[in-house]
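Notes follow the structure.
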Amino acid sequence: MLTLILCFSSSSTVKIEAESQSDPKEVETLKEIAKQIGKKDWNFSIDPCINDTNWATPKSDNFPRYNNTVICNCSTPDGFCHVVSIFLMGQDLAGVVPPSIAKLPYLKKVDFSQNYLSGTIPREWASTKLEILSINVNNLSGPIPGYLGYITSLKYLNLQNNMLSGTVPYELGRLVNLNNLILNENYLTGELPLSLTKLTELTELRISSNSFTGKIPDFFQSWKHLRKLEIQASGFQGPIPSSISVLSNLTELRISDLKSGDSKFPPLSRMIYMQRLMLRSCNLYGPIPAYMEAMTDLKTLDLSFNRLEGKIPYMAALSNLQWIYLTSNLLNGSIPDWIKMKNTRTQTDLSYNNFSQTSKPTTCREQLNLFKSFSGQNNSLSGGCLETFSCPKEDYYSLHINCGGSKTTVGGIIFEEDQDLGGDAKFVPVIPNWGISSTGLFWDVDTTAYDYIANNMSILEMNNSELYTSARLSPLSLTYYARCLGNGNYTVKLHFAEIIIRGNKSYYSFGRRIFDVYIQETLVWKDFDIEKEAHGVDRVVIKELKAVQVKDKTLLIRFHWSGKGTTTSPKRGTYGPLISAISINSDVKPPLSSSKSEMPIVVGTAVGASVVCLIFLTLGILWWRCCPDSKTSREKALRGLDLQTGSFTFRQIKAATNNFDPKNKIGEGGFGSVYKGVLVDGTIIAVKQLSSKSKQGNREFVNEIGMISALRHPNLVRLYGCCIESNQLLLVYEYMENNSLAHTLFGPEEGPLRLDWPTREKICIDIARGLAFLHEESALKVVHRDIKTTNILLDQDLNAKISDFGLAKLDEEENTHISTRVAGTIGYMAPEYALWGYLTYKADVYSFGVVALEIVAGKNNMKYRRNENFVCLLDWALVLQQKGNLIELVDPRLGSDFDEEEAITMVKVALLCINPAPALRPTMSEVVSMLEGRTPVCESVMNPSIYGDELRLGSLRKPLDPIAQQSTSETPSLVGSSDATLIHSSATTSSDLYKIGPTSSTIS
């Protein structure tokens, strides 16, 4: 005889023949069940146990992810095949829970999840021998029937996300074989019955989002086998019973939103197998215990919204820790180095705490949220970055944001775009006058970068639908802050529309989105339900609050999920606050001098005078072209630059560099020399000195001030200020302790610094983020034009920052490209730019691809020739791609100490970036996503000869300049415009900070 086990893929079925046939009585019962649940597509002209057509189309091979499956057992003494399992998931069946299930004597497993079944579990089921029963995400109502306790064979019971009410019946205590009990997201009340202590075999208990009363029951002594315990927003009061310490087998503990009952941190030291720990909003006080370091399997730690104090304990040994949430506590002292140094894939949120100002990290990483993390208020909105942005001279009196959407105009009002993807722990400053802080993880689902912006599920017919087409979504807490406002009273309007949950007769309609709204940290709307307030989905509700007082020029609007509602419908990972648009308007008429009151448009990432700066920048360049020898005019034009950088005197810089002592010289470029200096307050600086012999440098000097003064990002070298006195033209930068990437990557073998693989990968991602900011995120869209390893600098923590903006161009959004005189460096220039002067941001993408290859290989693109058959490193990489042996490209100095998959990914991304066709190159935001593993890499195989041909063509564009050929540079430059001449690096415009040794060849 044969046991019929169905294991099908979604695209194929397997037909299994057997001598037996289905029990005729059970076939009749299946007909009854089909009628009761409203299933119309079962084909009863075919034996359900013998022919799988219309009877077995599972979505997956693993329980319980089946769709339409009947499983039979044909190994029975009576010679018939008997139904043992019925899985009908996600079919929107709109009948009732079928009483006829009781007529299938061999039935062990029933899964009716994600349907539209109503009623309650029939009394007839009490006589069954079911082992698995799942009817989650349905429309069941009434109390949980006590006669369920008679199905003593039950091992798995899941009634999550229904409309069940009343108390948990004491009869459930008879289910002594039960391993999994899941009652989340119902309307259950009262206290848990003491009889549940008899469920000694429980390994999983989930009772979140209900309305139980009393304290958390102290039943833990009876549940020593528990591995997963979830009690979120259950209605219980604290404290957490100390007897929880006996649950030494726990791998997941989630307790949140206890109503009251202060307590110290519960004793969890025995839970060494813990992987996911949440104790959120549990009224905990005191320090975080040091024994946390022993939980070596811990991946997720959420202790947010408590009153924990003291220092963060050492947990650097927890190598598996990927999510750390310590949001909104009273933690103080210094931010530990192990958090500052955490890898880029670890999401860490320390917002709303009291850390010391001196512990602010020198650089910021995107996955570390430090919004309002420090004691005092001066830097409370800086997000933890060193930059503290100043407000413009004139205050703002209104702000309008299309949350999660693009810029749009409604009723004559411009709503600003808000399209940053957000994240698990992210601070997004939109300088100068607003920003976002988001914290929280969508549990029980694999999140992507696109899960924090919701898009509508249907055609929207409301007025001004462009405000509601998309919305910002958060799993826990989302803060919008407006700054630089004039003090006084304001009216706040919040625009909502439920665009995810549906209103039809489908399990998509069973979602309940409930969250709280705070304005100026005062709770103004508790348990806010968009669908309920708007009387349906896809309908608009605008909540208005008047007389909101602004005292310190700042207004905070926070949306907070406190664990209520549902997390599984319409799908996992769509719960939490949802906001469509925000409007803020002053209650008084703004001063007439305020041009910002009607249209607060952000024009740059630095505060103040970016536009003015660019106007004077253009005038300054024109002045030099007409009057290159006028020193007086030059100084006057430079002083006309209205920059948002510091002003230094020549005396200050002389003192800082010890009168430009040669011992302090750290670099040399075509622009001039670079010196290390120390200011009076101890700040270490790098001073770039313009060579008086370089007229080209004059233009670049103005350009670099203009560009960098308008750009602020953790992966761009920060300009502290400039000095313009007589013939002295000096730029003052942050000091980068570890020189350039070229110096470290291509330096001598015996050098003090070697880059391991994780550091190389991080550097590559840092560069990609910096370029993504320049191309896509900054209000001033910039094409750098000279991305190369000598223009990538490394700070003391080996964070990579892009430098040298002397050749940068503004990329006007209305132009598809810039036709320009070619300027750049051989070996890094995109072919369309080198040959035809066709410049877009894709030229930087190409240059990045070359740099990424150099990082993997540890070799200079132009200086590496494997043999006479190869032109450069890029040529060799393309050949290895053809051979399917990209791993050979990896720097042999790494040995075997690198992640092969990550290395191959980086090479494939690099090769995508150097595609000869600009349109086929990815954007830098796409590059970041691929390098971080959030999106797959689509490999594109190219012909290696293509680059050799282009290099040869390029060399024929202009004859070599005989004077330039006498230069000491190792590699000649190309010229891409009719009025240019061939030059070498001794006469280049390269202003590389800290460049050591021969400079790279540059086109200008």
Side-chain angles (χ1 to χ4, degrees), residues 299 316-322 338 341-346 365-367 715 738-770 788-789 792-801 848-861 863-864 866 870 872-914 922 927-939 941:
K299 297 179 181 178
L318 303 184
S319 58
N320 295 313
L321 199 53
Q322 299 178 32
W338 68 266
M341 300 293 291
K342 220 38 171 149
N343 65 63
T344 57
R345 294 181 182 177
T346 300
R365 58 183 175 89
E366 189 173 292
Q367 296 81 8
N715 298 119
N738 281 306
N739 213 285
S740 73
L741 176 59
H743 175 63
T744 304
L745 200 58
F746 310 138
E749 292 284 345
E750 64 276 8
L753 185 62
R754 294 264 60 88
L755 298 179
D756 59 15
W757 175 252
T759 303
R760 295 190 194 208
E761 184 186 38
K762 180 183 180 300
I763 288 171
C764 195
I765 293 174
D766 283 350
I767 301 168
R769 285 181 179 153
K788 55 186 177 182
T789 49
I792 307 300
L793 305 183
L794 306 176
D795 68 10
Q796 63 179 354
D797 299 320
L798 295 176
N799 297 303
K801 303 192 180 189
F848 169 82
V850 177
V851 171
L853 284 178
E854 292 180 323
I855 291 173
V856 174
K859 300 175 179 66
N860 184 288
N861 183 41
K863 294 181 180 180
Y864 178 76
R866 186 171 176 82
F870 295 93
C872 57
L873 175 65
L874 174 54
D875 198 15
W876 184 45
L878 292 172
V879 170
L880 291 177
Q881 184 187 41
Q882 291 270 349
K883 293 181 177 180
N885 189 26
L886 289 176
I887 201 66
E888 190 177 336
L889 196 69
V890 178
D891 191 341
R893 291 177 293 182
L894 291 172
S896 60
D897 191 16
F898 68 95
D899 188 305
E900 185 171 322
E901 183 179 351
E902 292 175 347
I904 293 296
T905 295
M906 191 182 296
V907 175
K908 288 181 177 179
V909 170
L911 293 175
L912 282 177
C913 293
I914 54 90
V927 168
V928 172
S929 184
M930 287 186 283
L931 290 175
E932 291 183 341
R934 291 184 277 115
T935 56
V937 182
C938 300
E939 190 172 2
V941 180

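The residues of the chain are indexed from 1 along the displayed sequence.
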(message) Measuring only between side-chain heavy atoms, which start at C-beta, is L911 closer than 4.5 Å to L878?
(response) yes

(request) Quick one: pull up CG in L321 and CH2 in W338 and give me the separation to the nearest 0.5 Å. (result) 6.5 Å

(request) Apply side-chain contact (heavy atoms from CB on, under 4.5 Å) to E900 and I887, showing your working. (result) CA-CA 7 Å; E900 185 171 322; I887 201 66; 3.3 Å; yes

(request) Enter the distance from D897:CG to W757:CH2 here, rounded to the nearest 0.5 Å. (result) 11.5 Å

(request) Rounded to the nearest 0.5 Å, what's the gap from CG on L874 to CD on E854? Could you check? (result) 10.0 Å

(request) Using distance alone, with no hydrogens and no angle criterion, decide if N861 and K788 have a side-chain donor and acceptor under 3.5 Å apart. (result) no

(message) What's the separation between atom CD in Q322 and atom NZ in K299, rounded to the nearest 0.5 Å?
(response) 6.5 Å

(message) Quick check for you: to the nearest 0.5 Å, what is the distance between R760 atom CZ and L894 atom CG?
(response) 4.0 Å

(request) Nearest 0.5 Å please: distance from the CG atom of L755 over to the NZ atom of K762. (result) 11.5 Å

(request) Please say which of L886, V890, V851 ends up in a side chain to side chain contact (heavy atoms under 4.5 Å, CB included) with V856. (result) V890

(request) Please report the shortest heavy-atom distance between F848 and I767, naming the atom on each side. (result) CD1-CG2, 3.7 Å

(request) Taking all heavy atoms of C913 and all of V927, pick out the closest pair and write down the distance. (result) SG-CG2, 3.7 Å

(message) For I855 versus M906, what's the shortest heavy-atom pair and its separation?
(response) CG2-SD, 4.4 Å

(request) Decide yes or no on side-chain contact (heavy atoms from CB on, under 4.5 Å) for C764 and L931, but give the supporting numbers first. (result) CA-CA 8 Å; C764 195; L931 290 175; 4.0 Å; yes

(request) Identify the two heavy atoms, one from N738 and one from T744, that lie closest to each other, and give their separation to 0.1 Å. (result) O-OG1, 3.4 Å

(message) Please determine whether salt bridge (charged side-chain N to carboxylate O under 4.0 Å, His left out) holds for the pair R769 and E932, giving the CA-CA distance in whole Å, both sets of side-chain angles, and the decisive distance to 0.1 Å.
(response) CA-CA 11 Å; R769 285 181 179 153; E932 291 183 341; 2.2 Å; yes

(request) Would you sort out whether L794 and N739 count as a side-chain contact (heavy atoms from CB on, under 4.5 Å), showing the intermediate values? (result) CA-CA 6 Å; L794 306 176; N739 213 285; over 6 Å; no

(request) Take E761 and D899 through the side-chain contact (heavy atoms from CB on, under 4.5 Å) test and state the conclusion after the steps. (result) CA-CA 10 Å; E761 184 186 38; D899 188 305; over 6 Å; no

(message) Any non-hydrogen side-chain atom of N860 less than 4.5 Å from a side-chain atom of L873?
(response) no

(request) Please report the shortest heavy-atom distance between L798 and D766, naming the atom on each side. (result) O-OD2, 4.4 Å

(request) Heavy atoms only: give me the nearest N715-A800 pair and the separation to one decimal. (result) ND2-O, 3.0 Å

